[in-house]
Amino acid sequence: MDKPNNSQEPSSVEILKENSNYLRGTIKESLSDPLTGSIRTDDQILIKFHGTYQQQDRDLDEERKRQKLEPLYSFLIRVRVPGGVTTAQQWLAMDELSDKYADKTLKLTTRQAFQFHGVLKRNLKTTIKEINQSLLDTIAACGDVNRNVMSSANPFESPVHGEVAEDAKRISAHLTPQTNAYHEIWLDGKLIEGGEKEEEPLYGKHYLPRKFKIAMAIPPRNDTDVLSNDLGFIAIVENGKLLGYNLTVGGGMAYTFGNNATYPRVADVAGYFPKEKIVEAAEAVLVFQRDHGNRSERKNARLKYTIDRVGLDFFRSELERTHGLKLEPSKAYKFVTLGDKYGWIKSEDGLWHYGVFVEGGKLVDKNGYLAKTAIREIAKIHSGTFILTGNQNVVVAQVTEQQKPVVEKILKDYKIVDGNSLSQLRQNSIACAALPLCALAFAEAERYLPSLVDRIDKILAANDLLQVPISIRMTGCPNGCGRPFLAEIAFVGRAPGRYNLYLGASFTGDRLNKLYKEMLSEDEIIAALTPILEDFAKNRTTDEHFGDFVIRKEYIKATTAGLNFHN
Ligand code: SF4
């Protein structure tokens, strides 16, 4: 298993992984080089496995060039939070680190993680060390390994939600890389003599062909977008008891402009298994991808392409051969929404939970709206937990009856917007980070979507559609970090101020959208959407979703599989 499995030449990244001494490379030397704020090219790939990316502030590129300075390099750090649950102490620690070493914002990602932006190289090690001191970590938050395992937004909602969240944690722990490199480099852990003797029992020297994402979902809420993941588990619940899971395989969002061999894909529901086998099932699918994924062409290396290449029957037979896991026919389930719950809800155990809307997942004090401070003030008095949701929001969870008025007062004092008071479009919006720090971004996303939604809200208001749930997402490139291809209205950046518009995804995350128009400016976007939304207001059937309507009225053809996304 320690060899790339293709007959073709392995990609340069495969060779780099093999020669990296289990992800050590020359990261230590790169970090201690005082002459530059960047790190060596090979190490830029390896540090992803440690949960950090090198970036540069593109807003400042011109000015720095004029001053004959190198670009302003900095680092993104992604903090792994399995199932998205943190304690109040951990929240305070992350809040403080974002002020001390990052750009004073806490980015809540679409995979229930914290992200720090703008950390300078000289602070990178200290920041990662302090993250670990708060009992969170960054290992495997990025790279060709299993990423943060997502779970439904509130594990405290019912005993089943709790059980599923525990399963997410068990999977996460089981699939975490074992290399001691992380401890050596970031935590001053002892060097393993002759590090090459160290083993990665599951991954081997080459780890996986590409990133690997897992999510759990509990119907009727698909708040983790489970079918966008390489591997997903849909809880099957009967009479309030968790029986097992439907296993879903081969989801993924990214594609490359101009390369139709790449495409987003909605996962297949491969079959059902009883809950006791959850960790074994996760391992079996990871091993399948490790051994059958494409190690030559990284653009076709995700599990979604492996499944389309080898077929579901072979996939099922391999799970049985390698792990004795025989999938049964999948069980019936129904999703009704992808969205989060805002405001107060009470769980079966009598505790309260408040869902806070965080636009674009960016928690920051800005223009007099002190959202970050408000959550910090809550954390100072909160005996419960916080949950990061897959929709970039946060839930103040496990609030006691006594504490509820105190939390309410803080929310009121800081005028925190009740998500329920916003248009349903804004409530169901997601944006990736994009410019200025993401090197791959062609256009704005997080900084721009709110103002675009202001304009679309006006069309909705004029047509009495403000309270009709419609999902909208924007990313700065087609890499898919904000899962744009599962939004009913999606924008993907092509160039500064220009976007591709995609329509026709379902509201429940089981059908992709399709390209409707290319390279639109803001005015062209408004001009394109206005007549369709007017038509929708007049001619939709009862409870018909926008994504279904545009297909019925033939604005766009339905995408029935990843393979027909482009036609
Ligand atoms: Fe960057 Fe593209 Fe991901 Fe957005 S989708 S964060 S632009 S890589």
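Indexing begins at 1, ligand by ligand and atom by atom, following the structure's order.
- Heavy-atom neighbours of Arg64 CZ from other residues, nucleotides or ligands within 6.0 Å: above the threshold of 12.
- Every atom of ligand 1 is numbered from 1 in the order shown, and the set under 4.0 Å from a heavy atom of Asn479 is 2 (Fe), 8 (S).
- Two rings, from Phe485 and Tyr255, have their centers less than 6.0 Å apart.
- In this structure, Ala445 has no heavy atom closer than 4.0 Å to ligand 1.
- Across Lys514 and Lys557, no two heavy atoms sit closer than the pair CE-O, 3.3 Å.
- Shortest contact from atom 4 (Fe) of ligand 1 to any protein heavy atom: Cys432 SG, 2.3 Å.
- Taking each of Ala431, Pro478, Ala441 in turn, the one with a heavy atom nearest to atom 7 (S) of ligand 1 proves to be Ala441.
- Regarding atom 3 (Fe) of ligand 1, its nearest protein heavy-atom neighbour is Cys481 SG, 2.3 Å.
- Atom 1 (Fe) of ligand 1 has an N, O or S atom of Cys438 closer than 2.8 Å.
- The shortest heavy-atom contact between Ala443 and Gly497 is CB-N, 4.4 Å.
- Residue contact check: Leu440 has heavy atoms under 4.0 Å from atoms 8 (S) of ligand 1.
- Within a 6.0 Å radius of NZ in Lys65, no more than 12 heavy atoms belonging to other residues, nucleotides or ligands are found.
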Walk me through it: do Glu518 and Arg494 pass the test salt bridge (Lys or Arg N to Asp or Glu O under 4.0 Å)? CA-CA 8 Å; Glu518 285 186 88; Arg494 285 290 302 269; 2.7 Å; yes

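- Nearest protein neighbour of atom 2 (Fe) of ligand 1, counting heavy atoms only, is Cys477 SG, 2.3 Å.
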